[in-house]
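Notes follow the structure.
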Amino acid sequence: MQLSKGINPIAKVTAVDGRRRPAILIRSSPWKAGTSETPWHDVFDLDNGRVRYYGDHRVDHTVPVGRTDGNAVLLATTTHHQGATPEQRALAVPLLVFAAVTRNKTPKGYVQFCGVAVIEKAEQIVQETEGRPFGNYRYDLAVLELMEEGGGVDWSWIEARGDRSHSTAAALARAPRSWRRWVEHGHAVLPEVRHRPVQSEEDECTEPQASVDGHESSGLFPVPRQSRASVSGSPRRIEPSEELTPSALMHGLRTLKVHQVNGRRSRHKPLSLLWGISRVATGKSRLARWGEFRDEVSGLMVEFGHPESSVSPEYPFWHLHTSRLWEVRGITAEQAAKTQASTLDRLAPEAGMTDQAAKLLDDPFVRSQAVAVLRESYLADVDQHALMERLGLAGCESASGIGAPDGVEQWDEATNPTERRDFTGSRIVRDIRLVRKVKSLHADHCQACGLQLATRFGTYSQGAHIRGLGHPHDGPDELPNLLVLCPNHHVQFDALAIYIDTHGIVRLTADDSSIGELRQHPAHHISEAHLRYHRALCGRDMVGSEIQDVAPLA
């Protein structure tokens, strides 16, 4: 087992249930970053459990970009790291991440273990050295929490993976709890198992120092923080080298630094961000004065915050600026050092979503998933309907939306005539012929479970719109937007309790476990764009800049 290179794979063994690689050791050093030998700059954001690591292709390589030794081994295991099932993820090779550090003023020869990581994303990029472009791969890694293991890894796990007599399942039993949870539930559980130290809100107004041991810091290592008294000037704004993407937006929402009280994560920041998103959704200015923020967000904190939490809107108003998603104007870091409401009252600054974030959130698809991510990650145990109505986002908590026709037929016979009221307004009218057609194609069999519900004179099922007809979804009334479901799964689908993954597997949103494969009919094309929209509502899809229809599910 070597640490001589950046990417160090341990040789594969032929075990009782197939060939496997015990582990891949990743090493990064800041000393040669940006040189012709190492033309990339790895970024270690260990406070947030994130590492951006670059492959080993260089400008002088003649082999294809994915065929260098390091890229080849990482790309091979990326398939399993992106696996859709626990069985696929169980085959993923653990990445053990190390970083070169200084000891006794010696910059070389020492490494520090940073954690075990999962490949979240791998993408081919173009880099440049001395004016010469070259291809490479960039890997976004999620560093997992090892708190229960005391910050380390039991090496018997790696030894068991290298033992031919051990099955993969037997070796997995020795893995850290966070790794086992990821294998079981996939990337959906990363917000819970990603390494993230507990940090108070007040710690967030400090800034990193510019250097470590005389070397310029490139974000590779956690660096000492300045005292609050030394912070001056305008608030630090993270200026990323690349444009904010939808996936980066979701990642930022999932990995907020939030204060913990009695083991419970504060809701102040998530509620503030939902408030900011609601302004974008309703066409208001993305930035609001402190007084408006204070009055509106205070009400949200009272109604939906933890009972034991203080109502302190001044904290998220200021501290959210440490993310790439929130902007504060009209106050300096020195003035906000103690984050007092009286200071904000006097200066009347303004804050809200950044321009880049607001532009992304203009897309209803991106906005739906952003709302779903915040609700699922921080607000799962509040009254979702009340919260969405309070924010002017009514309809986001269900797949049907508001104003949609009720999809559940009523079978109870009334003994007395039902009271009638005059009504003036608009109502969505759906084509009942489409519903009858799709029910007939599937013979009233539920596409989720196969149930054909028998009635006194025949069979019964319900037509469910994938992208709801009601606002804010405003889906089309068309055959590719329809599913045939039994009443139970119709309710669960509309309540976002189940979703359909990219492979046509029906899964529970709570734990991503499978309840079966979606039943198909050759005459019933199902729009992947609508399924993707529904997954976004469930917080189960990586978003892009636009939605495009694709071929029917196989």
Side-chain angles (χ1 to χ4, degrees), residues 1-10 22-35 37-58 68-71 73-74 77-78 81 93-122 127 136-147 149-155 157-158 176 178-179 190 193-197 199 207-225 238 241 251 255:
M1 290 171 236
Q2 302 288 326
L3 275 175
S4 58
K5 299 183 295 183
I7 303 169
N8 305 270
I10 301 176
I24 299 171
L25 279 58
I26 300 292
R27 179 182 182 272
S28 182
S29 170
W31 317 133
K32 294 183 178 181
T35 65
E37 181 181 348
T38 311
W40 40 79
H41 291 265
D42 300 325
V43 179
F44 278 42
D45 181 10
L46 297 181
D47 278 351
N48 293 301
R50 292 181 291 179
V51 169
R52 172 157 283 184
Y53 191 80
Y54 291 86
D56 60 347
H57 197 269
R58 294 194 297 266
T68 49
D69 292 343
N71 275 326
V73 73
L74 286 181
T77 195
T78 295
H81 279 248
V93 182
L95 304 186
L96 305 180
V97 182
F98 298 81
V101 294
T102 296
R103 290 289 183 270
N104 301 321
K105 298 183 179 181
T106 302
K108 296 183 178 181
Y110 296 91
V111 293
Q112 174 180 317
F113 176 62
C114 300
V116 59
V118 168
I119 300 175
E120 285 193 273
K121 182 180 179 181
Q127 295 182 275
N136 199 5
Y137 273 88
R138 181 173 63 201
Y139 306 90
D140 288 332
L141 311 181
V143 182
L144 303 185
E145 182 62 72
L146 297 174
M147 185 177 298
E149 293 77 19
V153 167
D154 185 348
W155 199 253
W157 172 37
I158 306 303
S178 55
W179 180 271
L190 284 180
V193 300
R194 186 191 302 273
H195 172 71
R196 184 171 59 230
Q199 182 177 5
E207 293 192 13
Q209 293 180 353
S211 63
V212 181
D213 294 330
H215 295 274
E216 183 179 350
S217 173
S218 61
L220 181 60
F221 307 106
V223 297
R225 295 182 179 272
I238 298 177
S241 59
H251 185 80
T255 56

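Counting from 1, the numbers follow the sequence of the chain as shown.
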Exercise. Return yes if some donor-acceptor pair links the side-chain N/O of Thr77 with the main-chain N/O of Val93 below 3.5 Å, else return no.
Key: yes

Compare every heavy atom of [Y] with every heavy atom of [X], then report the nearest pair and how far apart it is.
X	Y	result
Gly115	Leu146	CA-CD1, 4.2 Å
Val97	Ala117	CG2-CB, 3.8 Å
Arg194	Gly49	NH1-O, 3.2 Å
Arg27	Lys5	CB-O, 3.6 Å
Leu46	Cys114	CD1-SG, 4.0 Å
Ser28	Asp42	OG-OD2, 2.8 Å

Quiz item: Under the criterion side chain to side chain contact (heavy atoms under 4.5 Å, CB included), which of Ile10, Ile24, Val116 is the partner of Leu96?
Solution: Val116

Exercise. Identify which one of Asn71, Ile26, Leu95, Val51 satisfies the side chain to side chain contact (heavy atoms under 4.5 Å, CB included) criterion when paired with Tyr139.
Key: Asn71

Quiz item: Can Arg50 and Asp45 be counted as an ion pair, charged N to O under 4.0 angstrom?
Solution: yes

Quiz item: Is the closest side-chain heavy-atom distance between Val111 and Val101 below 4.5 Å?
Solution: no

From [X] atom [atom1] to [Y] atom [atom2], the distance as rounded to the nearest 0.5 Å:
X	Y	atom1	atom2	result
Met147	His195	CE	NE2	8.0 Å
Tyr54	Leu74	OH	CG	14.5 Å
Leu25	Leu3	CG	CG	5.0 Å

Quiz prompt | Steps toward side-chain contact (heavy atoms from CB on, under 4.5 Å) verdict (Trp179, Val193) | solution = CA-CA 8 Å; Trp179 180 271; Val193 300; over 6 Å; no

Quiz prompt | Derivation and outcome, side-chain contact (heavy atoms from CB on, under 4.5 Å), residues Lys121 and His251 | solution = CA-CA 12 Å; Lys121 182 180 179 181; His251 185 80; over 6 Å; no

Practice problem: Show the numbers, then the answer: is there a side-chain contact (heavy atoms from CB on, under 4.5 Å) between Ile7 and Tyr53? | Solution: CA-CA 10 Å; Ile7 303 169; Tyr53 191 80; 3.8 Å; yes

